[in-house]
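First the proteins, then the strands, lettered A, B, ... as listed; each starts at 1.
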Protein chains: 2
Amino acid sequence: MSQLDTVQRILDAAEVLFAERGFTETSLRTITSTAGVNLAAVNYHFGSKKELIQAVFERFLTPFTTSLDAELARLATEEGSLQLDDLLQSLYRVALAGLASQGRDPKRFMRLLGLAYTQSQGHLRRFIVSRYGDSYRRFAGSLATALPHVDPVTFYWRLYFMLGATVFSLSSFDAIEAILREDFGAESSLEETLARLAPAAVAMLTAPVPTEGE
Amino acid sequence: MSQLDTVQRILDAAEVLFAERGFTETSLRTITSTAGVNLAAVNYHFGSKKELIQAVFERFLTPFTTSLDAELARLATEEGSLQLDDLLQSLYRVALAGLASQGRDPKRFMRLLGLAYTQSQGHLRRFIVSRYGDSYRRFAGSLATALPHVDPVTFYWRLYFMLGATVFSLSSFDAIEAILREDFGAESSLEETLARLAPAAVAMLTAPVPTEGE
DNA sequence: TGGCGGTTAAAACAAACGTTTAAATTGTTG
DNA sequence: CAACAATTTAAACGTTTGTTTTAACCGCCA
């Protein structure tokens, strides 16, 4: 066993490279060489490239969803009715703190999440849904009960709007930030951006629902 | 010359396949075989795979941006001050009508736009920015003047939030629609979804800006 | 020390990729 | 009809891909 476990070195390298280039664009040879391990190590420890991809997601989604579940349970017992702001802030706090505490970049996970959606990779979508679908539905349900005056279909579309706004803007955070810094000379931290995103998301979720026949 | 131009048959096939699977996941052999043309035709007519990708985007972005520019100019002369709703409705109308009139699927272009952002493909991003950056900035500028009370940095972040919500939700339209149809038995057309998206986007753009020191 | 499971190593595998070549074919023009 | 350019075709090119193989190496317990 080298200074660091071979499995973790592979996961570390794969996580960074996948986020930078995507799955198909990242070869096992690039991963193993930057990880400093033998090429065959991936197939030995993970079985295949697909399973490596899943393992990368499992490593950050499992602690994330368990933290989110715990936070949600805490909120539910603490207050009688769940407030929209509290829910969103829980989501962001868990995402930021839970991951940053491990010394890993939250933006990277947003990029990975974005890739999971946009790159076809049917096996990944199935893996995530089957593994973390319950947590997702739990959070969506809490959000829905905090918005009783919004009909379910409209609510779920808005939830996807919010998801899109979050994943898209945060996964391209560095690129967008660079543009804004050049054009306005204003730096934006991730925290500031979340502080901008939260009220925008709230406004979108709570917007008045247009009457049907209009 | 066969019944249809070889160049257009390649573009048609590539457009569909790229939207379905992504760029790297779609091989030239798959494209040429579904197009019913010889493998070498791509390199002969387009030069390389990269240039084929750019040609696919050029074919739908050029008419789209020129229509949008015209619509924007029409709005500017018609009314003195541009209204936010009008701008967004112009955007959607142009996107829907301009493309559907050619018998092409608007959702497909949203998927392609999403891919252009998320798949690394640096050459594509450069191509789009250099070619259509002016139109984009023109539209963003019109949008900004319709929101005078929102500071520039916040405005641009919200613009990206809106972009993300749009691209993300519409590029996954079929998948989301299938889920909602199963869970609630409610079908959603693209028009209905845009009718939901527009007020949500307006709410997000016009949300009160939190005071700095808060 | 001897052997044994777990791990690493180098090499090779077949398959798929984008691209190029050179010949065959087609279309057009004088 | 002849001749030339444009296009299509089939075949091969060299690389790169994920995966497999087989031997070497390691730490550990009997």
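With 3.5 Å as the limit, one finds a donor-acceptor pair spanning the side chains of A:Trp157 and B:Ser188. With 3.5 Å as the limit, one finds a donor-acceptor pair spanning the side chains of B:Thr154 and B:Asp151. With hydrogens and angles left out, the side-chain atoms of A:Thr62 and A:Tyr132 include a donor and acceptor closer than 3.5 Å.
Between B:Thr6 and the phosphate of D:dT8, there is a side-chain N or O to OP1/OP2 separation shorter than 4.0 Å.
Atom CG in A:Asn43 sits about 14 Å away from atom C1' in C:dT8, given to the nearest Å. With rounding to whole Å, B:Phe23 atom CZ is found 14 Å from C:dG18 atom P. Rounded to an integer number of Å, the gap from CZ of B:Phe46 to C1' of C:dT20 is 18 Å. Whole-Å rounding puts the B:Asn38 CG to C:dT20 P distance at 15 Å. We find that CG of B:Asp5 is positioned 13 Å from P of C:dG27, with the value rounded to whole Å. Remark: P of D:dG18 and CD1 of A:Ile10 are 13 Å apart, rounded to the nearest angstrom. Spacing between atom CD of B:Glu25 and atom C1' of C:dA16 amounts to 14 Å, rounded to whole angstrom units.
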Between B:Ile31 and B:Phe18, is the side-chain contact (heavy atoms from CB on, under 4.5 Å) condition met? List the steps.
CA-CA 9 Å; B:Ile31 295 174; B:Phe18 284 155; 3.8 Å; yes

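B:Ala40 comes within 4.0 angstrom of a base, heavy atoms only.
Of the two residues contacting DNA chain C, namely A:His45 and A:Leu39, the nearest-nucleotide position lying further toward the 5' end is that of A:His45.
DNA chain C lies under 4.0 Å from no heavy atom of any residue of residues 48-58 of chain A. Taken residue by residue, residues 26-37 of chain A places heavy atoms nearer than 4.0 Å to DNA chain C at A:Arg29.
Scored by the salt bridge (Lys or Arg N to Asp or Glu O under 4.0 Å) test, A:Glu192 finds no partners at all (sequence neighbours excluded).
A:Thr32 has its side chain out of reach of A:Asn38: every pair of non-hydrogen atoms, C-beta onward, lies at least 4.5 Å apart. Between A:Glu15 and A:Phe109, some side-chain heavy-atom pair lies under the 4.5 Å cut-off. Proximity of A:Met110 to A:Phe168: side-chain heavy atoms (C-beta onward) are nowhere separated by under 4.5 Å.
Contact between A:Phe46 and A:Ala55 at its shortest, heavy atoms only, is CE2-CB, 3.7 Å.
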